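Below: the structure, in structure tokens.
Everything numeric in this text was worked out from a predicted model, so none of it was measured.
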Amino acid sequence: MSSKNWIVLGISGATCSGKTSLVNRLHKELKNSVLICQDNYFLPADDPRHTYIPELNHMNWEIINSLDMDKMRSDVLNLITSPEESKSTNTNDKKILILDGFLLFTCKVISKLCNKKYFLTLTKDQCWERRKDRCYDPPDVPGYFEKVVWPEYAKHTNDLMKDKDLYKTITFIDGSKSKEEIFQIVSADIKKLLS
């Protein structure tokens with residue numbers, strides 16, 4: 001299904017694991033790259049498809065139905081199958097699509113398109129240390145990390161591991177490594193894909 005003119009990279013992982021820093025740097029360094037972020041597909045706060053958590057008086061933003069995945073999937077497919085985007089001045093000039101999202105591989109269509117998949121991991125303590133000082137819109141309510149963020153991440157990671165065919169296609173990277181180390185790991189892989 002993927003266009004032969006495109007290399008698709010999927011970057012996923014824990015909240016605050018360094019995904020955004022990594023994809024922004026890749027996008028900057030890789031000419032011919034396009035970046036699509038799953039975070040841009042969150043449903044509006046008043047959308048009835050959200051799952052409400054009564055005890056926290058808050059929506060669950062950590063699950064796939066908090067996102068308009070139909071729109072994201074459609075945008076990705078339209079981009080890589082568009083005749084305009086597929087044209088390249090040099091036949092060796094591959095275009096690179098960088099996909100970023102905490103639940104990226106939950107979407108089978110998107111997952112299958114990825115030539116390389118990366119998943120940045122963190123421990124619960126590392127994740128909390130980074131997340132507690134972040135500002136979100138809407139802001140995290142007290143107890144949201146403990147009751148929702150971390151359990152949903154643990155469940156998602158467990159689901160990935162249970163799917164043996166998917167699991168063996170993912171490169172897991174320790175998100176506590178420096179941004180530079182993480183970039184170098186992924187960059188070395190991409191050089192091989194492009195050679």
Side-chain angles (χ1 to χ4, degrees), residues 8-24 26 36-43 45 47 49-70 72-73 76 98-114 116-179 181-183 185-186 189:
V8 182
L9 307 173
I11 315 278
S12 191
T15 176
C16 304
S17 60
K19 296 184 300 296
T20 304
S21 300
L22 175 59
V23 298
N24 287 340
L26 288 169
I36 296 181
C37 299
Q38 195 173 39
D39 280 3
N40 295 330
Y41 294 89
F42 275 112
L43 297 169
D47 193 290
R49 289 170 286 180
H50 277 296
T51 300
Y52 178 69
I53 308 156
E55 63 180 299
L56 295 177
N57 189 26
H58 199 69
M59 297 301 178
N60 185 344
W61 295 91
E62 314 307 311
I63 51 178
I64 200 74
N65 49 328
S66 66
L67 296 150
D68 187 347
M69 288 309 295
D70 290 340
M72 182 176 186
R73 189 169 53 241
V76 168
I98 304 164
L99 300 174
D100 158 39
F102 71 117
L103 293 174
L104 204 57
F105 308 137
T106 304
C107 175
K108 294 267 188 273
V109 173
I110 288 176
S111 183
K112 283 184 175 142
L113 287 173
C114 296
K116 290 295 288 184
K117 301 182 189 85
Y118 300 94
F119 192 94
L120 305 183
T121 61
L122 286 176
T123 66
K124 186 177 182 181
D125 288 345
Q126 290 164 342
C127 195
W128 171 245
E129 274 309 304
R130 294 181 183 190
R131 175 124 182 167
K132 66 182 175 141
D133 299 321
R134 288 261 185 106
C135 293
Y136 290 92
D137 180 21
D140 284 357
V141 293
Y144 185 69
F145 180 82
E146 285 291 332
K147 288 192 169 72
V148 184
V149 175
W150 190 255
E152 291 292 1
Y153 167 71
K155 179 185 179 303
H156 175 55
T157 310
N158 193 36
D159 289 346
L160 290 181
M161 291 180 175
K162 281 195 288 197
D163 184 338
K164 298 282 185 255
D165 291 335
L166 174 60
Y167 180 75
K168 65 185 181 200
T169 66
I170 300 173
T171 301
F172 288 86
I173 301 173
D174 178 355
S176 69
K177 288 180 186 290
S178 73
K179 288 178 185 176
E181 273 183 283
I182 293 171
F183 174 76
I185 291 167
V186 176
D189 261 2

So, using side-chain hydrogen bond (donor to acceptor under 3.5 Å, both in side chains) as the criterion, who are the partners of D39 when residues are at least two apart? none
So L26 and I11, do their side chains get closer than 4.5 Å, heavy atoms only? yes
State whether the side chain of N158 and the backbone N or O of A154 hold a donor-acceptor pair below 3.5 Å, judged by distance alone. no
Run the salt-bridge test on D174 and K177 with the 4.0 Å N-O cut-off and return the result as yes or no. no
At what distance, to the nearest 0.5 angstrom, does SG of C107 lie from CG of L113? 8.5 Å
Assess the residue pair I110 and M72 against the criterion (side chain to side chain contact (heavy atoms under 4.5 Å, CB included)); give the C-alpha distance rounded to whole Å, side-chain angles, the decisive distance to 0.1 Å, and a yes or no. CA-CA 9 Å; I110 288 176; M72 182 176 186; 4.0 Å; yes
Between D68 and Q38, is there a side-chain heavy-atom distance shorter than 4.5 Å? no
Tell me, do L67 and F102 make a side-chain contact under 4.5 Å, heavy atoms counted? yes
Determine whether a donor-acceptor pair (N or O, by modelled atom type, separation under 3.5 Å) exists between the side chain of S12 and the backbone of F119. no
Do NZ/NE/NH1/NH2 and the carboxylate oxygens of R131 and D140 come within less than 4.0 Å? yes
Would you call Y136 and T15 a side-chain contact if the rule is heavy atoms closer than 4.5 Å? yes
Nearest 0.5 Å, please: how far is CG in L99 from OG in S111? 10.5 Å
Roughly how far apart are I185 CD1 and T171 OG1, rounded to 0.5 Å? 9.5 Å
Side chains of F105 and D163, heavy atoms from C-beta outward: is any pair under 4.5 Å? no
Lys/Arg N to Asp/Glu carboxylate O, K116 vs D189, below 4.0 Å: yes
What verdict does the side chain to side chain contact (heavy atoms under 4.5 Å, CB included) test give for N65 and R49, after you've listed the backbone C-alpha separation in whole Å, the side-chain angles of each residue and the deciding distance to 0.1 Å? CA-CA 7 Å; N65 49 328; R49 289 170 286 180; 5.6 Å; no
Would you say W61 and P138 make side-chain contact, with heavy atoms under 4.5 Å? yes
Using every non-hydrogen atom in the two residues, find where K117 and T169 come nearest and quote the distance to one decimal. NZ-OG1, 3.0 Å
Under a 3.5 Å distance rule, please check whether S17 uses its side chain to pair with a backbone N or O of A14 as donor and acceptor. yes
Checking side chain to side chain contact (heavy atoms under 4.5 Å, CB included) for the pair Y52/N57: CA distance, chi angles, key distance, verdict? CA-CA 7 Å; Y52 178 69; N57 189 26; 2.5 Å; yes
Ion pair K168/D165, N-O distance below 4.0 Å: yes
Report the C-alpha separation of Y153 and C127 in whole Å, then their side-chain angles, then the decisive distance to 0.1 Å, and conclude whether the side chain to side chain contact (heavy atoms under 4.5 Å, CB included) test is met. CA-CA 10 Å; Y153 167 71; C127 195; over 6 Å; no
Report yes if the side chains of I36 and D100 come closer than 4.5 Å at any heavy-atom pair, otherwise no. no
Suppose we call two aromatic rings close when their centres sit under 6.0 Å apart. Are F172 and Y167 close by that rule? yes
Go through the structure and list residues passing side-chain contact (heavy atoms from CB on, under 4.5 Å) with N60, not counting sequence neighbours. T51, I53, E62, I63, Y144, V148, E152
If we only count heavy atoms from C-beta on, is the H156 to L103 side-chain gap below 4.5 Å? yes
What is the minimum heavy-atom distance between S176 and Q126, and which atoms define it? CB-NE2, 3.3 Å
I need the F42 CZ to H50 NE2 distance, nearest 0.5 Å. 8.5 Å
Distance, nearest 0.5 Å, that separates CE of M69 from NZ of K108: 12.0 Å
Output for pair (T157 OG1, K162 NZ), nearest 0.5 Å, gives 11.5 Å
Grab the two heavy atoms, one from L9 and one from C114, that are nearest each other, plus how far apart they are. C-SG, 4.4 Å
